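First comes the structure, then the notes that go with it.
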Amino acid sequence: MGFKLITMPELPEVETIRSGLEKYLVGHKIEDVQINVAKSFIGNPKEIIGAKIAGTRRFGKVLVIDLSNGFSLLTHLKLTGQYIYRGPHLKNPPSLSQKVFGLPGKHTRVIFKLDQNAYLYFNDLRKFGWIRVLETDKVTETGMIGKMGPEPLVGQASSGQAILTLEFFRKILSKSKKPIKLLLMEQEKISGIGNIYANEALWLAGINPRKKSLSLSPSLSEKLFKAIEKVLKEGIKAGGASDMHYVTAAGDEGKYQEHFLVYDKKGEICSRPACRQAGVKIEKIQLGGRGTYFCPICQKL
DNA sequence: CACTTGACCTGTCCGC
DNA sequence: TGCGGACAGGTCAAGT
């Protein structure tokens with residue numbers, strides 16, 4: 001396993017972090033907030049001090065922590081954000097992954113001091129991530145979440161969020177001339193898919209990432225729809241993909257990177273039987289400025 | 001209007 | 001060995 005990639009939290013990673021936070025944080029009270037980097041925390045910390053943590057939600061890649069006093073904390077982890085809990089609700093904490101930047105460490109931007117001598121650390125190497133204080137009843141209509149497309153995983157939508165249906169998926173595709181991969185990653189169309197899972201889903205469906213969205217046949221769009229669901233589900237099942245900075249709320253690593261079929265596989269033999277036999281190698285191109293991996297044979301344009 | 005590129009950051013890796 | 005540059009990728013702003 002290489003250590004050169006930054007595997008940013010996408011839907012399965014954020015969902016894994018969320019379910020950990022749900023387990024560990026609910027019932028805790030926020031006693032204090034220490035902000036080490038001003039741009040990492042937007043809003044007034046006084047509005048959350050003294051509040052109890054009531055629950056967690058996820059909208060696409062945005063994590064929401066709802067408090068008992070009418071306020072919520074929204075977080076986007078962007079590329080390198082980590083939320084790590086230490087306290088009595090985490091029995092037998094796993095040995096801290098080396099990917100964790102210390103607790104606290106050099107890259108700890110915000111520390112929430114909770115009751116019962118517990119702490120929630122927000123680490124973020126590149127400072128792209130943010131935590132924002134917002135009234136709970138404004139969460140679904142404000143900013144990114146307000147414009148966000150439907151949730152691609154059945155059973156995973158937060159209340160009030162639409163689920164992506166095949167019909168809606170086809171409708172989105174039919175309206176866009178963009179390369180399909182770029183469309184999949186557009187959060188205002190579908191929420192939660194990033195570079196890794198877009199690459200993986202397209203390989204699984206046997207579709208070239210550059211193919212124009214509106215040119216997908218009904219059978220291909222259905223194939224892709226199912227592939228998206230499959231890779232996201234398997235991502236969650238594996239606890240997310242850790243190559244560089246992603247860890248769960250307990251501070252340990254996910255395993256989905258071991259299941260990668262194309263992502264970061266440039267020059268390796270495509271694992272589809274016919275391609276493997278013929279020795280076809282995975283290629284890498286830039287699409288929308290992002291690294292894009294595909295098999296030139298089983299993902300023909 | 002649609003699409004592309006750059007900025008935001010920091011660390012790692014690669015080649016000279 | 002040291003150093004500079006390319007690269008990693010989500011989102012938004014600015015440019016074409």
Side-chain angles (χ1 to χ4, degrees), chain A residues 1-15 17 36-42 58-63 74-83 97-102 105-110 122-132 142-149 152 172-202 209-214 232 235 240-247 254 256-257 260 262-267 283-294:
Chain A
M1 180 172 66
F3 271 80
K4 47 187 174 164
L5 286 181
I6 291 178
T7 55
M8 172 278 174
E10 302 179 29
L11 190 156
E13 288 74 31
V14 179
E15 178 58 25
I17 293 166
N36 296 339
V37 172
K39 67 170 280 189
S40 299
F41 192 99
I42 305 151
R58 177 184 59 77
F59 294 88
K61 302 171 191 170
V62 178
L63 194 56
L74 271 62
T75 300
H76 200 306
L77 299 165
K78 290 287 179 85
L79 303 175
T80 60
Q82 305 178 326
Y83 254 138
S97 161
Q98 289 188 342
K99 299 176 200 304
V100 177
F101 311 119
K106 189 178 171 189
H107 304 296
T108 301
R109 311 307 183 195
V110 180
F122 179 66
N123 290 346
D124 186 18
L125 187 151
R126 287 167 77 176
K127 300 180 191 162
F128 288 174
W130 45 258
I131 299 169
R132 180 188 307 257
T142 314
M144 290 180 69
I145 295 178
K147 290 183 276 182
M148 208 174 260
I172 299 167
L173 297 191
S174 70
K175 286 183 182 166
S176 175
K177 286 178 221 154
K178 277 192 186 148
I180 181 65
K181 176 167 179 262
L182 299 184
L183 190 97
L184 292 184
M185 293 170 63
E186 254 187 75
Q187 303 302 301
E188 297 183 15
K189 299 271 174 25
I190 306 168
S191 60
I193 302 172
N195 201 32
I196 293 174
Y197 293 92
N199 276 292
E200 293 295 312
L202 286 165
R210 289 167 293 189
K211 192 169 174 66
K212 280 188 174 145
S213 301
L214 51 71
L232 294 177
S242 299
D243 242 340
M244 190 79 182
H245 297 124
Y246 164 76
V247 290
Y256 192 67
Q257 67 280 3
F260 286 168
V262 272
Y263 188 72
D264 195 34
K265 298 286 184 191
K266 181 185 173 186
E283 294 181 4
K284 184 189 184 189
I285 55 167
Q286 292 291 117
L287 204 53
R290 302 287 168 252
T292 301
Y293 302 84
F294 69 102

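Bear in mind that the values here come from a model prediction, so they are computed numbers and not experimental data.
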Q. Roughly how far apart, to the nearest Å, are B:dC3 and C:dG9 at atom P?
A. 22 Å

Q: With sequence neighbours left out, write down each residue that passes side chain to side chain donor-acceptor pair (under 3.5 Å) with A:R210, or none if nothing qualifies.
A: A:N208

Q | A:L79 side-chain proximity, nearest of B:dT10, C:dT11, C:dG9 | A | C:dG9

Q: In whole angstrom, give me the gap between the P atoms of B:dC9 and C:dA14.
A: 15 Å

**Q.** Whole angstrom value for the distance that separates P of C:dG9 from CG of A:L11
**A.** 18 Å

Q: Find the distance A:E13:CD to C:dG10:C1' and express it as a whole number of Å.
A: 13 Å

Q | Whole-Å gap separating P (C:dG9) and CD1 (A:I285) | A | 13 Å

Q: Would you tell me if any nitrogen or oxygen in the side chain of A:H107 comes within less than 4.0 Å of OP1 or OP2 on B:dT10?
A: no

Q. With sequence neighbours excluded, what pairs up with A:F122 under the ring pair (Phe, Tyr, Trp, His ring centres under 6.0 Å) test?
A. A:Y83

Q. B:dC1 and C:dT11: how far apart are their P atoms, nearest whole angstrom?
A. 23 Å

Q. Mind checking whether A:W130 and A:H76 have parallel, tilted or perpendicular rings, split at 30° and 60°?
A. tilted

Q: Apply side chain to side chain donor-acceptor pair (under 3.5 Å) to A:N195 and list each qualifying residue two or more places apart in sequence or on a separate chain.
A: A:K181, A:N199

Q) Does a side-chain N or O from A:Q187 land closer than 4.0 Å to OP1 or OP2 of C:dT11, or not? A) yes

Q) Counting side-chain heavy atoms from CB outward, which of C:dG10, B:dG11, B:dC9 is closest to A:K127? A) B:dC9

Q: Measure from the ring center of A:Y197 to the ring center of A:Y256 and say whether it is less than 6.0 Å.
A: yes

Q) Which heavy atom of A:L77 sits nearest a heavy atom of A:D124, and at what distance? A) O-OD1, 4.4 Å

Q | For atom CD1 of A:I145 and atom C1' of C:dT11, their distance in whole Å | A | 14 Å

Atom pairs under 3.5 Å: protein N/O with N/O of nucleotides 1-8 of chain B:
none

Q: Flag the pair A:K61 and A:E13 as a salt bridge only when some basic side-chain nitrogen lies within less than 4.0 angstrom of an acidic carboxylate oxygen.
A: no

(Q) Students often get this wrong, so: under 4.0 angstrom with heavy atoms, is A:G129 touching a base, only sugar-phosphate, or nothing? (A) nothing

Q: Look at A:H245 and B:dG11 and indicate whether a side-chain polar atom (N or O) is within less than 4.0 Å of OP1 or OP2.
A: no

Q: Figure out the CG/P separation between A:L125 and B:dC9, and round it to whole Å.
A: 13 Å

Q. OP1 or OP2 of C:dT11 less than 4.0 angstrom from a side-chain nitrogen or oxygen of A:K61, does that happen here?
A. yes

(Q) To check you understand the geometry: which heavy-atom pair defines the closest contact between A:T108 and A:N36, and what is its length? (A) O-ND2, 3.0 Å

Q. For A:E10 and C:dG9, what is the distance between atoms CD and P respectively, to the nearest whole Å?
A. 9 Å

Q: Rounded to the nearest angstrom, tell me the gap between atom CD in A:Q286 and atom C1' in C:dG10.
A: 15 Å

Q. Can you tell me how far C1' in C:dA6 sits from the matching atom in B:dG6, rounded to whole Å?
A. 15 Å

Q. For A:G60, does its backbone N or O pair with a side-chain atom of A:Q187 as donor and acceptor, under 3.5 Å?
A. no

**Q.** Base-pairing string, 5' to 3', of DNA chain C - Watson-Crick or wobble, under 3.5 Å, | interstrand
**A.** .|||||||.|||||||

**Q.** Span that lies between the P atom of C:dC7 and that of B:dT5, in whole angstrom
**A.** 14 Å

Q | Contacts of type side chain to side chain donor-acceptor pair (under 3.5 Å), residue A:Q82, not counting sequence neighbours | A | A:N123

(Q) Expressed as a whole number of angstroms, how long is the span from A:K266:NZ to B:dC14:P? (A) 12 Å

